[in-house]
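Data first, discussion second: the structure below is written as structure tokens.
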Amino acid sequence: MTVMEQRGAYKPTPPPAWQPRTDPAPLLPDAEPYRVLGTEAAAKADPELLRTLYAQLVKGRRYNAQATALTKQGRLAVYPSTTGQEACEVAAAMVLKEQDWLFPSYRDTLAVVARGVDPVEALTLLRGDWHTGYDPYEHRVAPLCTPLATQLPHAVGLAHAARLKGDDVVALAMVGDGGTSEGDFHEALNFAAVWQAPVVFFVQNNGFAISVPLAKQTAAPSLAHKAVGYGMPGRLVDGNDAAAVHEVLSDAVRHARAGGGPTLVEAITYRVDAHTNADDATRYRGDAEVETWREHDPIRLLERELTGRGLLDEAGIEAARQDAETMAAALREHMNQDPALDPMDLFTHVYAEPTRQLREQQDQLRAELEAEADTEPEGGTHR
Amino acid sequence: MTTVAVKPATMAQAFTRALRDAMAADPAVHVMGEDVGTLGGVFRVTDGLAKEFGEDRCTDTPLAEAGILGTAVGMAMYGLRPVVEMQFDAFAYPAFEQLISHVARTRNRTRGKMPLPITIRVPYGGGIGGVEHHSDSSEAYYMATPGLHVVTPATVADAYGLLRAAIASDDPVVVLEPKRLYWSKDSWNPEEPTPVEPIGRAVVRRPGRSVTLITYGPSVPVCMEAAEAARAEGWDLEVVDLRSLVPFDDETVCASVRRTGRAVVVHESGSFGGPGGEIAARVTERCFHHLEAPVLRVAGFDIPYPPPMLERHHLPGVDRILDAVGRLQWEAES
Ligand SMILES: Cc1ncc(C[n+]2csc(CCOP(=O)(O)OP(=O)(O)O)c2C)c(N)n1
């Protein structure tokens, strides 16, 4: 009997037989990114969904601005902003059901917050008080992943395991355009397609990997084109069109849930801010390009659609703003408090039980801290 | 003899100068990595090279460390001398397959017919408030891989000398660049840069009589500070800067320990299975009869590198070094 069988809950079901793809055509992405806003498709969109998306975008923008301000005050060690990319962040969280999993990359704090994780806990990594501030199981959000693309195989494994168990779970994994060059990206896509795992790979193509533009990252017609080689559909979407991103991701999630296997979705968007607050974007791009993208801002696009169709008025816009302000004020207040840190925690979770060596090291640090407290009652600095 | 103004330079500038001079001297030298071109690297070490030598010789690669090092292997097979940058210590790990399975052992596999003169630059170590995966000290992994040289400078002059020597070497060399010393300054004459010595010589940074501190890279300035502080307590500490971890300079280290009779190894990577264990064992094997106390280690704790707000508790500082020195004295007296 295997360990898993002893546990009882584990009932393996074999994955579906592999179906060779004979015709790649249906897998290929369209030449143009899919759009809803400003097209006829917008008339069919659910007004309530559009209004919710709008409120989320406004809040997301405010969150980005607040977090960026906190880096300037030294309250956050670093913040990779998603200003301009809010439609992707928010939609990624909204298309998932409660039992589904999100696998964010280091830039995706906003998606994590939109999924329901406490904003302060979501910022723990970037604040520097611990590596992950939330319980991954509480909201089914994997830890924010810093080494690029390494979370993608995890998403495939989790989705595959859930499938074997007979659970209705989809995993959505986020990665940047640069991350698609890593070996882990390719291995994850291949595994997912071979196993027909219920995974959605969501690439936010924001034009740059730090300073490197997409043209130096790939020679493919689009990143979505990569899907076909693995045997899964690739979809291209306007990443600043919140309605379109929501629709394309929803389709992909539904497809996965129905046993149709993985999809690669590429959203074309733009990183309006620098890579992080530590980056100097003027070294590799001009203002004119950034300005063009500001015209194609996700909030502006949706606002235009909603007001044009009489679904949103000044009062509605103001209400969304107020809501965002309340969130920002709460975030500010929490982040301005010093986190309570216990240096002893350094040793607590290295193993289930600290090793004898770690306990010795913990004793050493405890003695040092006590000595420090004795000699420097004013809380002097540690040499 | 003309006198050239000796100006303060940062360690990062000395690395840049070394790359530039090596590229100018030998067209086979190619620099490659993530963001090394237009941006000049996230630490600006490759600043200006793409402009001066063209994008074919200072290349922004796709974002893929295994790919960067793997293609460097092929380039080296064909006669180039690639210098690759791994953006941060922990982001070199995807390249370990290429490093361990090929870079380190191709000379051996081919019975000397296919040497791989590749330089792998790795910014490493903590103390700069970096978030997770930005502060690892990975020297033990490199040291444990036969076929690699491993060097790590602690001064501006050595940054230049060691990087030039690494590029000139016909073997793969891992150059561990101490991040927190990138902005450290020293008077340095870029017009008459440090003579380039072969890799493998340690140096006595500060002579002393009572205890030898054996250290390298980011811990060197900490040991120098500890040596100053120890004077007040009547201890005269000698500081040996290894500069090269592989090959290891037993001669300089043992000569020092034989003089002082006591040694403490200081580094910020963990102590269990870390570089200090190897060093302490070598010193004990070679200097046993001269030792008046066991060789002690002052190292980082055996934990994953902590978040920035707690790193000061992890990094070995002056107090921890002085404490170890104190224990040596006590051991000698008892
Ligand atoms: C394996 C690995 N290599 C290098 C890095 C350093 N790094 C952090 S972000 C980044 C650029 C990422 O670009 P992209 O994937 O396009 O995502 P974006 O930042 O644009 O969201 C790099 C090179 C890393 N985090 N992980």
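No other option in A:Asp345, A:Val350, A:Ile210 has as many heavy-atom pairs under 4.5 Å with chain B as A:Ile210. Of the listed residues B:Pro308, B:Ala66, B:Pro307, the one with more heavy-atom pairs under 4.5 angstrom with chain A than any other is B:Pro307. No other option in B:Val131, B:Thr38, B:Asp35 has as many heavy-atom pairs under 4.5 Å with chain A as B:Asp35. Listed options A:Ala209, A:Ser211, A:Gly178 were ranked by heavy-atom pairs under 4.5 angstrom with chain B; first place goes to A:Ser211. In terms of heavy-atom pairs under 4.5 Å with chain A, the best-connected choice from B:Thr61, B:Asp323, B:Asp47, B:Val222 is B:Asp47.
Interface remark: B:Phe301 contributes backbone and side-chain atoms alike to the contact with chain A (heavy atom separation under 4.5 Å). Contacts between A:Val212 and chain B at a heavy-atom distance below 4.5 Å involve backbone atoms as well as side-chain atoms. In this structure, no portion of A:Gln362 lies under 4.5 Å from any heavy atom of chain B. In this structure, chain A has heavy atoms under 4.5 Å from both the backbone and the side chain of B:Glu65. For A:Ala77, the part sitting under 4.5 Å from any heavy atom of chain B is the side chain, from C-beta outward, and nothing else. In this structure, the portion of A:Leu148 lying under 4.5 Å from any heavy atom of chain B is its side chain and not its backbone. Using a 4.5 Å cut-off between heavy atoms, A:Asp279 touches chain B through its side chain atoms alone. For A:Leu125, the parts lying under 4.5 angstrom from a heavy atom of chain B are both the backbone and the side chain. For B:Thr59, no part lies near chain A; criterion is any non-hydrogen pair under 4.5 Å. Only the side chain of B:Glu55 comes within contact range of chain A, judged by heavy atoms closer than 4.5 Å. Looking at B:Val42, only its side chain comes within 4.5 Å of chain A, counting heavy atoms on both sides.
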**OP:** Decide yes or no on salt bridge (charged side-chain N to carboxylate O under 4.0 Å, His left out) for A:Arg366 and A:Asp363, but give the supporting numbers first.
**Re:** CA-CA 5 Å; A:Arg366 190 179 293 115; A:Asp363 290 342; 2.9 Å; yes
**OP:** Show your working on ring pair (Phe, Tyr, Trp, His ring centres under 6.0 Å) between B:Tyr305 and B:His314 and close with a plain yes or no.
**Re:** CA-CA 8 Å; B:Tyr305 197 89; B:His314 169 73; 5.2 Å; yes
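Side-chain N or O atoms of B:Asp89 include one that pairs as donor or acceptor with a backbone N or O of B:Asp136 at under 3.5 Å. Distance alone, capped at 3.5 Å, places no donor-acceptor pair between the A:Glu266 side chain and the A:Ser222 backbone.
For A:Phe191, the CZ atom counts as loosely surrounded, since its 6.0 Å shell holds 12 or fewer non-hydrogen atoms of other residues, nucleotides or ligands. Shown here is A:Asp342, whose CG atom has more than 12 heavy atoms of other residues, nucleotides or ligands within 6.0 Å.
Checked against the 6.0 Å centroid criterion, the rings of A:Phe202 and A:Phe103 do not qualify as a close aromatic pair.
The aromatic rings of A:Phe208 and A:Tyr284 are tilted relative to each other, their planes meeting at an angle between 30° and 60°.
Nearest heavy atoms, B:Val73 versus B:Gln98: CG2-OE1, 4.4 Å.
With respect to the salt-bridge test (charged N to carboxylate O, under 4.0 angstrom), the residues B:Glu228 and B:Arg206 qualify.
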